[in-house]
Protein chains: 2
Amino acid sequence: MGRRHGPLPTTEELRIWRDFIETTERLRSHLASRLQSDSALSPGDYAVLLALHEAEGHRLRSSELAAAIGWERSRLSHHLGRMERRGLIRRVECATDNRGAEAVLTDDGAQAFRRATLPHLGAVREMFVDTLTPEQLAAAGEIAQALRVRLDAASGPS
Amino acid sequence: MGRRHGPLPTTEELRIWRDFIETTERLRSHLASRLQSDSALSPGDYAVLLALHEAEGHRLRSSELAAAIGWERSRLSHHLGRMERRGLIRRVECATDNRGAEAVLTDDGAQAFRRATLPHLGAVREMFVDTLTPEQLAAAGEIAQALRVRLDAASGPS
DNA sequence: CCCCTCTGTTTGACACGTCAATCATATCGA
DNA sequence: TCGATATGATTGACGTGTCAAACAGAGGGG
């Protein structure tokens, strides 16, 4: 099934698009590099550690963890492999389902997460929250909401 | 020189932050995958082809190309290597500076770019421009502007 | 003219993401 | 119970991004 195309974006719309997408990318990469130099963690590491930290017993089934952070399974599997090598988590077999694996936060992982949190949230505040006016911050929330609905509509109705 | 930290973001601010950053990431990846299936090009390919297409004689020095699309040199070098293997561009020595390299658009590359443009701009319109109200679109532009200024301030004053 | 230093570019190593394929176990229906 | 199929997770291949190191040629001062 082909896609119908209406009129293309105007020059001004395209300018906003490029500005928006390039700037959000710069923001992501800036925060990633600060997280890396402050805490030796990648954003992926942080997401995983955060989810495990909040989980019952500091442990989660692989698939629940994937769902919690919105990742594909194979991405998570690769990432957990790298994190396990560094001693941030370990994997244990699941008692109730022999197929399953659980990821468990290690002490090192918990400590790394605690050390990372404050500087990271500070950077988010500095580069995002405090950079925008309250109106802009609210608008950013509404924009994200609108885009999310559109993305859900594009992928969801299988 | 350590960083001073003010109060951390509130729960609501953090919710907006996460929503914003995750949604822009989903948007990026959605458009990347559509570009890939429509045109067998990555967003990086498209950026390079666009810059070369607009350049005098469909060719640019590596460093000018890098500046035009805002990439680090080594990233561009790797990417040009991959594009050259696929026949989208070729590299020629620079006549006026024996260190220099020029990237030149091939006929295949130009054709790939032309075929990609319409569906890609259509997708941008569909997923971004038409998804937002005119007010939200304008707000997105202002938000990007504010964030960009902040990012420039953080990296620029060397 | 030669050396030192800058500049333009490439390279290698490694982390990250996606896709398709694989593997083992669960589970359901005949 | 047996066999087909579904599910949980891992793997391999490959494109992509970053960092630091390597290299080659340009340019300037002695």
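Note that this is a predicted model, so its numbers are computed, not measured. Lettering follows sequence order; numbering is per chain, from 1.
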### Query
If you round to the nearest 0.5 Å, how far is OG1 of B:Thr131 from CZ of A:Arg148?
13.0 Å
### Message
According to salt bridge (charged side-chain N to carboxylate O under 4.0 Å, His left out), who are the partners of A:Arg86, at least two apart in sequence or on a separate chain?
### Response
A:Asp45
### Query
Should A:Leu65 and A:Val104 be regarded as members of a common hydrophobic cluster, given that ILVMFWY residues are connected when their side-chain heavy atoms come within less than 4.5 Å of each other, either directly or indirectly?
no
### Query
Can you find a donor-acceptor pair, distance only, under 3.5 Å between B:Arg73 side chain and C:dT9 base?
no
### Query
According to a strict under-4.0 Å criterion, is A:Ser63 in side-chain N/O contact with OP1 or OP2 of D:dA9?
yes
### Task
Send over the distance from B:His78 NE2 to D:dA22 C1', rounded to a whole Å.
13 Å
### Query
Rounded to the nearest Å, what distance is computed from the NE2 atom of residue B:His79 to the P atom of nucleotide D:dC14?
17 Å
### Task
Taking only the side-chain heavy atoms of A:Arg99 (C-beta and beyond), determine which of C:dT9, D:dG8, D:dG17 contains the nearest atom.
D:dG8
### Query
Hey, does A:Arg85 reach any base, or is it just sugar-phosphate, or nothing, if we go heavy atoms under 4.0 Å?
sugar-phosphate
### Shortest side-chain distance from A:Asn98, nucleotide among D:dT16, C:dC19, C:dA26
C:dA26
### Summary
A:Ser77 has its side chain closest, among C:dG17, D:dT10, D:dT16, to D:dT10
### Message
Less than 4.0 angstrom from a charged side-chain N to a carboxylate O is my criterion; do A:Arg59 and A:Glu64 meet it?
### Response
no
### Query
A:Leu76 CG to D:dT10 C1': how many Å, rounded?
11 Å
#### Entry: Residue A:Ser42, side-chain heavy atoms: nucleotide from C:dC16, D:dA6, D:dT18 that is nearest
C:dC16
### Message
Whole angstroms only, please: what is the OH-P distance between B:Tyr46 and D:dT16?
### Response
17 Å
### Contact under 4.0 Å: B:Arg91 side-chain N or O vs C:dT10 OP1/OP2
yes
### Query
For the side chain of A:Arg82, counting heavy atoms from C-beta on, which of D:dA24, C:dG17, C:dC19 is nearest?
C:dG17
